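Note sheet for the following structure.
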Amino acid sequence: MTDDPREEVCRLVRRARMLAAAEREAGVIDLAGTPAPAGPAAESGVPAVVGTTVAHATVPRPATPRVTPSQSQRPAATAPSSPTATYVPPRETSATSAAPAAPVRSLDLPNDVLAPFGGLDAEVAACRKCRLCELRTRTVFGEGSPTARLVFCGEAPGFDEDRTGRPFVGASGELLTAMIEKGLKLRREDVFILNTIKCRPPENRAPLADELLACRPFLERQLAVIRPTVIVALGNPASRALLGSVPGIKTIRGQVFDGFGAKIVPTFHPAYVLREPTSKRDVWTDLQTVMRLLAGPV
Ligand code: URA
């Protein structure tokens, strides 16, 4: 409190902004049956395989992947059955807290990590193909290993991502990092994390169809360079961007699809998991599927 009413108003505005940012961070999902708030919108047995694939820079892929549900849904052969063993939730769910999420640490990546993309990152940074370029602070190309065998695809940059130019650095990012490092026993820099679109939509609303369309070539070219074995689609918008017109995430998660020369595993978006902690069990099941797929045929 302060005696100066103007200072007090400023203090309240700053606090309201922090609260709004935390709410936006947790409210970016679009689940069937869940009203979208002011916008749109899981030991290991994992082989040391991620990050060893040779990059195939500039090898084109078909524009539209053939997407089919895979046949078998075998249980994981080596992963433990309890999600509580390794799946550690963030310290707090920022949906109900004014405290900003602990920043996701910087990655230990070489300077030329984006070289295999042949300047695609610069193209993204200069892109003016849709209205979102007017509003962005920074484009968010994505980060990680260009030879990663595992890609995580989110929806769109949020408030923190727009400011830092890095994907998943807010509360959702903290949880995603826990999924990767504590759940999968991998390093964040060994996977690649990207989004369906590279600029933040205003108020974190869902990306519009024309924005998805304008940004799609970037996504396709990124995946053509990385050539991952497994792509995890985080939430509805990412699942639909990768799989086309599919039912909601609650219906399709648990299945494995083929597309972009990879296995596509849809699961809940970390922001949803922050709001619905009971969904952790399903996300852990999906992460076990990811480990099985990375391990190859059993
Ligand atoms: N941060 C991202 O980069 N993508 C999302 O979908 C959510 C938060």
Side-chain angles (χ1 to χ4, degrees), residues 20-31 34 36-42 89-90 93-95 100-107 121 124-125 132 135-144 148 150-180 188-189 191-208 211-212 215-216 218-219 222-223 226 231-243 248-249 253 264-276 279 283 286:
E23 288 288 337
R24 278 197 303 269
E25 167 69 19
V28 295
I29 49 168
D30 168 29
L31 288 169
T34 306
T93 60
S94 71
V104 170
R105 65 168 172 75
S106 291
L107 299 189
D121 53 315
V124 167
L132 297 182
L135 306 166
R136 71 184 176 220
T137 310
R138 300 180 65 166
T139 54
V140 182
F141 181 75
E143 69 182 16
L150 177 57
V151 166
F152 286 87
C153 182
E155 176 182 336
F159 178 81
D160 296 305
E161 291 77 17
D162 175 68
R163 291 213 158 167
T164 60
R166 295 182 60 199
F168 281 97
V169 289
S172 296
E174 204 185 345
L175 179 54
L176 180 61
T177 303
M179 287 164 57
I180 294 165
R188 192 173 148 121
E189 44 268 79
V191 305
F192 203 93
I193 303 172
L194 45 71
N195 283 298
T196 60
I197 63 170
K198 314 304 181 199
C199 296
R200 180 189 181 215
E203 304 304 321
N204 289 349
R205 66 157 167 73
L208 302 177
E211 294 160 1
L212 285 162
C215 230
R216 186 169 182 87
F218 294 138
L219 177 63
Q222 286 178 301
L223 293 174
I226 302 167
I231 304 170
V232 178
L234 298 166
N236 271 328
S239 297
R240 289 181 181 142
L242 293 168
L243 299 172
I249 190 70
R253 69 142 296 281
I264 300 178
V265 179
T267 195
F268 293 120
H269 192 285
Y272 178 74
V273 181
L274 287 170
R275 295 203 312 194
E276 297 291 339
S279 63
V283 173
D286 299 335

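Counting starts at 1 for both ligands and their atoms, in listed order. The model shown is predicted, which means the values in this text are computed figures rather than measured ones.
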Rounding to 0.5 Å, atoms CZ (F141) and CD1 (I193) come to a distance of 13.5 Å
task: For the pair D162 and R138, find out whether any cationic side-chain nitrogen is under 4.0 Å from an anionic carboxylate oxygen.
output: no
*asked:* Looking at E155 and R240, is there a salt bridge between them, counting it only when a charged N and a carboxylate O are closer than 4.0 Å?
replied: no
Exercise. Would you check whether P157 has a nitrogen or oxygen atom less than 3.5 angstrom from a nitrogen or oxygen atom of ligand 1?
Key: no
Q.
Is the distance from the ring center of H269 to that of F152 below 6.0 Å?
A. no
Under 4.0 Å between heavy atoms, the region of E161 that gets near ligand 1 turns out to be side chain
Rounding to 0.5 Å, atoms CD (E211) and NZ (K198) come to a distance of 13.5 Å
For G154, the atoms of ligand 1 under 4.0 Å from one of its heavy atoms are 6 (O)
The residue among V124, D121, L132 that forms side-chain contact (heavy atoms from CB on, under 4.5 Å) with T139 is V124
Honestly, for A271 the part within reach of ligand 1 (heavy atoms, under 4.0 Å) is neither
- For ligand 1, is there an atom lying under 4.0 Å from some heavy atom of A156? yes
So the atoms of ligand 1 within less than 4.0 Å of a heavy atom of H269 turn out to be 5 (C), 6 (O), 7 (C)
Heteroatom distance test (F168, ligand 1): nitrogen or oxygen, under 3.5 angstrom: yes
